[in-house]
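Everything on this sheet refers to the single structure shown next.
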Amino acid sequence: MSHAAAPRPLSTRAGNPLVGRIRVPGDKSISHRSLMFGAVSLGETRIEGLLEADDVLATGRAMAQLGAIVTRDGEGAWRISGLGCGGLLEPESVLDFGNAGTGSRLTMGLVGGHAFAATFVGDASLSRRPMGRVLDPLREMGVEVIARAKDRLPLSIKGPKTPIPITYRLPMASAQVKSAVLLAGLGAPGVTTVIEPVATRDHTERMLVGFGASLAVETDADGARVIRLDGRPELKAQDVVVPGDPSSAAFAIVAGLIVPGSDVTVENVLLNPLRTGLFQTLLEMGADLSIDNERLSGGERIGDVRVRHSALKGVVVPPERAPAMIDEYPILSIAAAFADGPTVMEGLEELRVKESDRLAAVARGLEANGIACTEGEASLVVDGRKAGARIGGGRVATHLDHRIAMSFLVLGLAGDAAVTVDDTTMIATSFPSFRGLMEGLGAVFAEVV
Ligand code: S3P
């Protein structure tokens with residue numbers, strides 16, 4: 001529940017060029033959804049390449065508490081015997097989501113479509129994050145909410161007997177909110193409609209169709225996506241193959257671009273266009289980045305991403321690109337620190353409510369390492385490297401945020417002095433093999449005593 005493990009600081013410093021081919025673990029968004037959709041489908045869903053990290057394992061445990069049978073077979077695949085749409089059972093104990101925003105928010109949607117109560121808890125980071133964004137539409141659908149502090153964890157929700165199918169226009173660009181409403185809509189008789197003015201990752205839509213739901217997406221006259229889901233579908237178990245997570249690949253890719261002499265390929269990376277904003281931005285910065293072996297797998301585009309050390313230049317990242325790279329701004333800021341000229345990032349309001357206030361955490365981390373930046377309410381300008389400036393030497397506060405930890409460890413690999421992060425335990429929430437894979441490419445890590 002709370003973050004019990006003692007903090008584990010770690011340092012990186014410049015050493016070898018990074019060279020080699022790696023595969024990163026499965027995509028976190030698709031992994032969570034595979035377990036959830038398997039739990040509400042009839043039959044046995046088999047998941048290959050599931051991300052075996054704390055966030056996703058918490059979702060697996062929650063699905064088991066809700067009545068699904070969740071096992072890992074001898075070949076490393078996960079198998080979920082589902083209960084069918086509307087068939088989840090009232091859990092006997094609290095659902096503990098640890099650090100996981102996606103797991104907790106999407107499961108609130110699932111539970112909201114069932115006529116029983118469940119209690120949600122999480123670690124200190126998750127307990128600070130706003131849940132009203134999910135609870136407000138669920139309340140419109142008839143869900144009761146009891147929370148100790150306003151719309152924060154720990155909280156309990158109870159779904160109505162007959163959830164009301166609603167039309168909901170997203171007030172912020174959030175795939176989690178969109179997904180929670182759609183998942184509650186699975187239990188509603190009639191059509192649940194979500195309107196998203198700005199497109200966010202569409203794994204829920206694609207996968208629900210794959211599991212047999214009737215769901216249609218249109219673009220309206222204003223360019224908004226209108227998603228209509230027919231409630232109470234018959235969902236059927238599927239075989240899912242989870243592609244590599246582009247948000248994890250991002251760390252090795254940026255490291256390859258900023259460490260002199262590097263040549264790194266990350267194989268089997270998900271290239272869904274609503275997830276590839278970072279790659280597009282890096283190309284605009286002048287990155288030597290290419291995609292080989294592009295193919296389709298399970299309805300998603302995947303490929304091998306190759307980067308070689310590059311002279312980067314600062315760019316303006318358009319705010320409308322934010323949803324397609326929302327988790328990548330911390331690592332983009334590290335690339336920007338090595339670029340020639342400023343990099344301007346706008347439309348970053350959602351970064352304030354991630355595992356930490358990422359805008360503030362990145363800005364403080366950059367400053368601690370000699371990189372000038374300007375933090376606005378929803379923007380960040382990172383000054384590129386100035387001739388003769390020394391980068392590194394700082395200690396970074398990670399605030400229970402895995403992506404802050406990994407981003408600044410990457411900074412150290414190309415800095416003039418070692419970079420220390422105050423805690424690496426949270427890396428296990430999304431990318432437990434991060435250190436091993438980076439060491440395999442030649443990265444130098446040092447324990448801090
Ligand atoms: C996710 C959506 C995003 C992202 C998160 C995963 C998802 O969150 O930051 O890591 O799987 O739906 P928001 O919906 O809050 O933007």
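Both counts, for ligands and for their atoms, begin at 1 and track the order of listing.
Backbone and side-chain nitrogen or oxygen atoms of K28 are examined, and none is located within less than 3.5 angstrom of a nitrogen or oxygen of ligand 1. Ligand 1 has no nitrogen or oxygen under 3.5 angstrom from a nitrogen or oxygen of R403. Polar contact check, V177 against ligand 1: no nitrogen or oxygen pair lies under 3.5 Å apart. Considering backbone and side-chain N/O atoms, E350 never comes within less than 3.5 Å of an N/O atom of ligand 1.
Checked by atom type, the side-chain pair S93/Q65 shows a donor-acceptor distance below 3.5 Å. Between the side chains of T102 and Q176, at least one donor N or O lies within less than 3.5 Å of an accepting N or O. Side-chain polar atoms of W78 and E52 form a donor-acceptor pair below 3.5 angstrom. There is a side-chain donor-acceptor pair under 3.5 Å between S247 and E328. Side chain to side chain, E196 and T200 meet the donor-acceptor criterion of an N or O pair below 3.5 Å.
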request  = Kindly determine whether T219 and R225 satisfy side chain to side chain donor-acceptor pair (under 3.5 Å), including the steps that lead there.
outcome  = CA-CA 5 Å; T219 306; R225 281 178 89 235; over 6 Å; no

task = Please report the C-alpha distance between R79 and D73 in whole Å, then the side-chain angles of each, then the deciding distance to 0.1 Å, and finally whether the salt bridge (Lys or Arg N to Asp or Glu O under 4.0 Å) criterion is met.
result = CA-CA 7 Å; R79 290 173 184 268; D73 72 18; 2.9 Å; yes

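If you look at K178 next to ligand 1, there are no close heavy atoms at all, none under 4.0 Å. Contacts with ligand 1 closer than 4.0 Å are made by no heavy atom of H32, backbone or side chain. Using a 4.0 Å cut-off between heavy atoms, R33 contacts ligand 1 through its side chain alone, with no backbone atom that close.
When the heavy-atom distances from atom 2 (C) of ligand 1 to Q176, R105, H203 are ranked, the shortest goes to Q176.
Taking the charged nitrogens against the carboxylate oxygens, D27 and R275 do have a contact shorter than 4.0 Å, which makes a salt bridge.
The single protein non-hydrogen atom nearest to atom 8 (O) of ligand 1 is K354 NZ, 3.1 Å, given as residue, atom name and distance. Closest protein heavy atom to atom 11 (O) of ligand 1: S29 OG, 2.7 Å. Here the protein heavy atom with the shortest distance to atom 6 (C) of ligand 1 is T102 OG1, 3.3 Å. Looking from atom 4 (C) of ligand 1 to the surrounding protein, the closest heavy atom is D327 OD2, 3.4 Å.
Numbered from 1 in the order shown, with element, the atoms of ligand 1 that lie under 4.0 Å from a heavy atom of I326 read 9 (O).
Residues R358 and P330 have side chains in contact (heavy-atom distance under 4.5 Å, counting atoms from C-beta outward).
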